[in-house]
Amino acid sequence: MKRLLTVFLLFTLAAKGQEPAFKTSADIYLGLRKLNVLGSVLYIAAHPDDENTRLLTYFAKDRMYRTGYLSLTRGDGGQNLIGDEQGVELGLIRTQELLAARRIDGAEQFFSRAFDFGFSKTPVETFTKWDREKILSDVVWVIRKFQPDVIITRFPTTGEGGHGHHTASAILANEAFTAAADPKRFPEQLQWVKPWAAKRILWNTFNFGSTNTTSNDQYHFDVGGYNPILGKSYGEIAAESRSQHKSQGFGVPRQRGEALEYFRQTGGEAMQGDLMDGVKTGWDRIYGDSVRTRVDAVIGRFDFMHPEASVEGLVELYKYIRGNVPASGEAGFWRDQKMEELRQLIQAASGLWFDAWANEPFVVSGDTARINYLVNNRLGVPMTLNGISVGNAADSIRNRVLQRNLNLSGVLAEVVDSVYASTTQPYWLDEKMTEGMFTVSDQQMIGRPQLNNGLYGTIWVNIYGVSLRFEAPVRYRYTDPVKGELYQPFDIVPPASVRAEPGVLLLAKERAGEAQNLEVHVMANKALAKAAQVRIQAGAQQMETNDRLELARGAEKAYTFTIRGTKDGPSRQSDYTASVQLDGKGALRSDMRTISYNHIPTIRYFREDRVRVLDIDLKTRGKKIGYIVGAGDKVPAALEQMGYEVTLLGEKETARNNLKQFDAIISGVRAYNTAEWLNTAYPKLMKYVEDGGNLIVQYNTSNQIGPVRARIAPYDFNITRNRITDENAVVTFLKPEHPVLLFPNKIGPDDFKGWVQERSIYHAATAGLDAHFEPILRMADPGEAPDDGALVIAPYGKGFFSYTGLVFFRELPAGVPGAYRLLANLLALNQKKEL
């Protein structure tokens with residue numbers, strides 16, 4: 001039990017950004033004060049950005065509680081303001097944004113296996129996608145591992161939080177509050193953990209927009225205080241934390257002054273006047289005041305200019321706790337926690353620097369990695385180095401006295417696993433997903449924000465008679481001529497990766513017989529020789545090459561496979577996978593995807609690359625499309641697959657181009673939320689429509705995060721937050737004779753089959769809609785009134801203006817045939833004007 005708790009503890013502390021932590025004397029001093037606090041709080045909600053960063057900051061940095069945030073999902077179904085990543089890729093980004101936020105506010109981060117499948121209106125709908133019992137077991141597991149004294153939910157069980165995931169998170173948290181204490185619930189967990197009974201659970205009530213759930217008779221307190229040691233208020237720190245959610249556009253101003261937080265208790269022992277009523281949060285909880293007295297003595301002697309003077313006292317404290325505090329039960333839990341905090345404080349106060357890095361960003365599994373290391377005793381605390389290793393490779397150094405501020409460096413060569421055996425894949429993507437959930441078979445992985453399967457450097461140092469172990473993840477270190485020294489992950493990768501493109505290959509029956517190319521790119525992560533075959537396969541259909549592939553490290557070679565559609569017969573779709581077989585070994589099918597943004601570490605993950613081939617009845621009219629770049633989506637690539645010539649339009653291109661050359665212009669998602677220059681372009685765009693053009697505006701948000709920054713339409717209309725989340729919702733044609741449903745493709749119910757995640761978002765308001773607009777489609781989520789705002793079209797002059805919340809940006813990359821056919825009709829509106 002002790003070892004596993006320590007491993008979990010080390011993991012949560014090591015799950016940080018790539019740059020090493022640089023601790024100031026202020027950080028050390030606050031860490032010393034935290035040694036005397038043995039209380040903990042776990043906050044639970046549904047998504048990244050749901051957490052109350054101001055409250056987390058206050059708990060972690062003022063009251064010094066061990067503070068955690070459990071987000072049930074990784075935010076995979078959200079919308080992306082910084083790029084075109086969707087689904088699991090967006091979840092990877094938002095995982096790193098949450099970890100960046102926690103590094104600022106001081107809390108720890110956890111997740112369940114739940115997949116964010118998009119907006120859900122009710123918890124009933126949510127639990128049709130999430131396996132309720134399995135997600136409940138995940139919440140129970142995190143509670144039993146973290147052992148919080150108090151649990152707090154962001155949302156209520158009664159629905160005021162709006163999103164079905166929000167309500168579901170509160171329902172599960174309250175159920176888990178009871179279940180975690182019951183040894184009969186999820187007994188399979190008890191080989192690693194014990195039942196845990198938190199003292200109470202509360203709902204952190206809120207005042208969001210038009211929904212105010214707070215009242216003065218609720219328990220409340222001020223969390224907006226100023227911390228002079230940090231030089232910031234908790235509101236300022238919290239704003240920096242929340243602003244890490246950049247993919248959501250959640251940058252917020254720093255807040256100063258009083259900030260009240262309100263709470264309503266939903267379970268457990270009644271409070272008298274404080275969240276921690278009835279909880280001992282000092283050392284008397286598990287042992288006695290003798291530890292507190294010793295900690296106070298170290299704090300009293302702390303010298304901000306000479307933190308190294310406290311190292312001997314910290315080591316003595318470490319020895320005392322190790323030798324006297326019981327190592328089992330709740331005492332053992334806190335003993336391990338505080339010994340780990342002490343180990344970090346000893347390293348920080350002594351100025352001990354340990355770094356392990358590679359000069360390349362990755363190594364191939366089975367190859368040898370050359371890892372540099374450097375150790376420096378920067379403040380001259382008496383210490384002896386008794387060992388250094390990277391993985392299984394160890395240096396021969398023993399009993400080396402580390403002199404003040406002198407570098408000890410070297411290089412170790414480590415053979416990294418065996419071929420194909422291990423990569424640094426995010427653990428929740430290792431196994432095939434089920435609907436609404438990631439599959440994680442290893443119980444001890446569940447809850448963790450990430451897991452670096454890569455290499456760690458380790459040193460053993462004797463300080464004042466105690467041998468301490470310090471670890472550092474091996475990272476890729478390099479110097480950028482503009483940004484200076486940078487650290488990124490050091491990954492373990494397969495010998496080659498295989499990428500097939502395009503993601504969707506469209507074979508329109510109108511262009512039957514026209515050859516379409518499916519390309520397979522083989523990237524060599526090491527020098528390759530004599531690969532037997534490159535192959536693509538869809539069911540029993542298989543095509544392959546006999547090329548004896550030889551590639552230098554880092555080189556890439558593309559293979560082209562020709563596919564033709566059929567002129568007659570039913571529409572069909574096939575998923576092709578690509579593979580390469582190396583040296584007689586098993587076939588490699590994975591594509592190494594890389595996600596790179598300045599605010600998060602570089603992310604690499606591996607997936608089996610698939611191409612969806614659509615052999616469908618699709619007719620198009622017009623040729624040239626202008627695409628106004630929005631917040632990021634993959635619609636332009638889909639338009640090119642449809643046979644259009646696409647020109648991307650930014651501010652300069654829109655101003656300089658003769659717009660009459662375009663048969664249609666379509667704006668990217670959230671374009672009017674992100675581009676103020678569209679105000680300047682408004683007269684030119686309206687003139688384009690008036691003269692016979694066709695302008696299609698995809699969804700824009702209407703909220704405090706993404707206000708519409710420019711005029712949109714020739715006639716006034718409002719954008720709502722209405723949406724249809726049921727991707728199978730029945731669609732009624734309000735104007736069955738409208739050209740958009742007839743030309744050049746006749747749209748019917750089958751065109752709305754196979755949609756993913758949702759139908760539409762951010763509808764036009766139909767109440768008070770200008771009479772020039774015609775609503776085309778009616779649909780409704782279960783139990784709700786129908787909504788007609790998903791697609792509205794207005795003639796203007798000789799042309800057409802359309803606003804649509806239909807989620808083409810999701811359906812086209814997913815290869816949904818009906819989405820292609822309907823979009824083709826929208827793009828052809830000015831090609832046939834008569835009804």
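A salt bridge links Glu133 with Arg185; the closest basic N to acidic carboxylate O contact falls under 4.0 Å. Between Arg63 and Asp274 there is a salt bridge, with a side-chain nitrogen of the basic residue lying less than 4.0 Å from a carboxylate oxygen of the acidic one. Electrostatic pairing of Asp355 and Arg475 counts as a salt bridge here, judged by a charged N lying under 4.0 Å from a carboxylate O. Ion pairing between a basic and an acidic side chain is recognised when a charged N comes within 4.0 Å of a carboxylate O; Asp138 and Lys134 show no such pairing.
Counting only distance, with no hydrogens or angles, the side chain of Arg102 and the backbone of Ala107 share no donor-acceptor pair below 3.5 Å. With Glu269 contributing its side chain and Arg200 its backbone, the two residues share no donor-acceptor pair below 3.5 Å. A donor-acceptor distance shorter than 3.5 angstrom exists from the side chain of Glu414 to the backbone of Ala393, with no hydrogens or angles considered. Using modelled atom types, no side-chain atom of Gln425 and backbone atom of Tyr427 make a donor-acceptor pair closer than 3.5 Å. Under a 3.5 Å cut-off, the side chain of Thr157 and the backbone N or O of Ile171 do not form any donor-acceptor pair.
Partner of His245 under the side chain to side chain donor-acceptor pair (under 3.5 Å) criterion, chosen from Glu51, Glu97, Arg94: Glu51.
Within 6.0 Å of the CZ atom in Arg285, the count of heavy atoms belonging to other residues, nucleotides or ligands exceeds 12.
Classification of the Tyr219-Phe263 ring pair by plane angle, with boundaries at 30° and 60°, yields tilted.
Relative to the six-membered ring of Tyr320, Arg294 meets both conditions, a distance below 6.0 Å and an angle of at most 45° to the axis.
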